[in-house]
Amino acid sequence: MRQLSIRFTQLNCFPKYSKSLIVVFLVFTVNKTHGQCNPQATLETKNLLKSLSTIWQIGIMLGHQDALAYGLTETGQRWIATGTDYSDIHSITGQHPAVVGHDLGYIELKLDKNLDGVLFEHIRQSIIATYQRGGVNTVSWHPNNPLDLSKTSWDSTENTIPAILNNVENRDIYLGQLDVLAAFFKSLKTPDDLWVPVIFRPFHEHTGSWFWWGADYCTPEEYKEFWRLTVEYLQRKQVNNLLFCYSTDYFNDERHYLERYPGDDYVDILGFDAYHRNAPESNFDFISDVRRMGSVLKKLGQEKKKPWALTETGLEQVTESAWWSAVLLEAVKDSGLSYVLVWRNGRPDHYYAPYPSHPSSDDFKKVVEEGKFLLENAVRSVRLYQSN
Ligand code: BMA
């Protein structure tokens, strides 16, 4: 957007009629660049973006956070991965989720495990294995406060973002943390030397105020500038295997959704997070809220030529045995969403996907067998990373 306004000010030197021709030309060229914010993105990354824009015509891909890292056994006890080919969803359906979520929180601390105890080396191997099987990877980031690394993402220190933007030393500290992130993304290579494309979804749920990048702690302009700084720096570091996903929490309307949107040249995928709480009393409200927000994203996605997704959702402990068919599917059908990702199976009291013997596993299997949600086998044949 910034580039566009510079070009418009330069139009004053042209006669009136040619100005309108140039405006038409600029609008056309700007529109053409929408949908891929990094012109240097690898071919596989560009192809993934195109595939995400069309996959909804077949079905909605189902994702699960940390699917390959840990989960729950038949008796509800925790298992922790040794390899990269076992997941709770696989143990029920015989296939992994189509989208596997990972989180890089604590990479900025240069630790070997993330904030949920997963080895970064395991994350790296899982991303490569998922790609090689034909699935999709999405990466969120719950970083500690860059200016006080003893404070987690859930830190309410005000003005962290302006303090980074307005002070060179602070900015360098943050950019140093991005260097670590960049090195991780660049390490995602297959044995035949291809960079694995991933959906990167930083600074999410920023419409809320529970993270240091939340709405109460920076202005919309500061959030946008911080986002652009991040995107531009990673691109300058030649990280060319990312699709950037902008992802709010619940939002009221289109204006609210776009309030902190950094611009079409800085976002590849439109996302939102919406959890279902207080079931069954709230079943109807959850369905209608997700439908309402999904239709705002559908309109924006069509206008901007960008895919849209429900980037985090779930009902903790899936306390409704027919939740998949009667609630989630009802909320997202006809939405045009590329994918829906349920959160992690972290503990016996904190999980969002079924495991063997869970009361909702039959319903889960049913919606998958009916083709309503796509798992890994269904997307493998679509060859998401190859030009069609
Ligand atoms: C939250 C919870 C936390 C976890 C965090 C990042 O929603 O699951 O336990 O640390 O996500 O994965």
Side-chain angles (χ1 to χ4, degrees), residues 62-72 76-81 84 87-89 97 99-124 126-127 130 136-146 149-156 177 180-181 184 198-215 245 247-250 271-279 282 286 290 309-319 323 328 339-355 358:
L62 190 88
H64 187 204
Q65 183 73 5
D66 281 348
L68 306 171
Y70 52 75
L72 296 166
Q77 304 302 305
R78 254 197 126 204
W79 61 265
I80 296 178
T84 55
S87 65
D88 285 345
I89 287 180
V99 179
V100 178
H102 316 267
D103 197 279
L104 295 184
Y106 284 8
I107 204 164
E108 70 287 350
L109 305 180
K110 302 187 180 161
L111 297 179
D112 60 352
K113 287 183 182 166
N114 82 353
L115 78 167
D116 297 317
V118 187
L119 283 167
F120 287 111
E121 182 52 24
H122 186 266
I123 297 178
R124 207 176 67 77
S126 300
I127 289 175
T130 298
V136 176
N137 291 286
T138 174
V139 171
S140 51
W141 188 27
H142 285 83
N144 278 16
N145 185 318
L149 287 174
S150 69
K151 293 177 173 159
T152 69
S153 283
W154 292 266
D155 170 45
S156 52
Q177 293 162 13
V180 183
L181 197 71
F184 178 83
V198 303
I199 298 168
F200 183 41
R201 192 174 68 88
F203 310 124
H204 61 301
E205 298 178 3
H206 56 279
T207 41
S209 295
W210 40 90
F211 298 131
W212 53 259
W213 57 87
C245 178
S247 150
T248 65
D249 197 72
Y250 275 76
F272 71 113
D273 291 4
Y275 282 89
H276 183 187
R277 299 188 173 93
N278 306 320
S282 61
F286 175 77
V290 171
L310 177 51
T311 42
E312 273 184 46
T313 188
L315 169 65
E316 194 176 48
Q317 298 187 27
V318 205
T319 49
W323 190 73
L328 186 62
Y339 67 92
V340 165
L341 179 137
V342 293
W343 204 238
R344 65 197 198 103
N345 281 5
R347 300 184 301 267
D349 63 339
H350 181 61
Y351 63 85
Y352 295 86
Y355 52 87
H358 187 271

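Counting convention: from 1, in listed order, for ligands and their atoms alike. Numbering starts at 1 and runs along the sequence shown.
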Quiz item: Counting each atom of ligand 1 from 1 as listed, which ones have a heavy atom of W154 under 4.0 Å away?
Solution: 5 (C)
Exercise. Could you tell me the residue and atom name of the protein heavy atom closest to atom 9 (O) of ligand 1, and the distance to it rounded to 0.1 Å?
Key: R344 NH2, 2.8 Å
Quiz item: Can you find a non-hydrogen atom of H350 under 4.0 Å from ligand 1?
Solution: yes
Quiz item: Starting from atom 10 (O) of ligand 1, which protein heavy atom do you reach first, and at what distance in Å?
Solution: D116 OD1, 2.6 Å
Exercise. Would you check whether D103 has a nitrogen or oxygen atom less than 3.5 angstrom from a nitrogen or oxygen atom of ligand 1?
Key: no
Exercise. Answer yes when E316 and R277 have at least one side-chain N-carboxylate O distance shorter than 4.0 Å, and no when they do not.
Key: no
Quiz item: Do N345 and D88 have side-chain atoms, one donor and one acceptor, less than 3.5 Å apart?
Solution: yes
Quiz prompt | Short side-chain donor-acceptor distance under 3.5 Å, T311 and S247 | solution = yes
Self-check item: Qualifying residue for side chain to side chain contact (heavy atoms under 4.5 Å, CB included) with L109, from I107, L111, D112
Solution: L111
Practice problem: Please determine if W343 has a nitrogen or oxygen closer than 3.5 Å to a nitrogen or oxygen of ligand 1. | Solution: yes
Exercise. Measure from NZ or CZ of R344 to the centre of the six-membered ring of Y352, then state whether that distance is under 6.0 Å and the direction lies within 45° of the axis.
Key: no
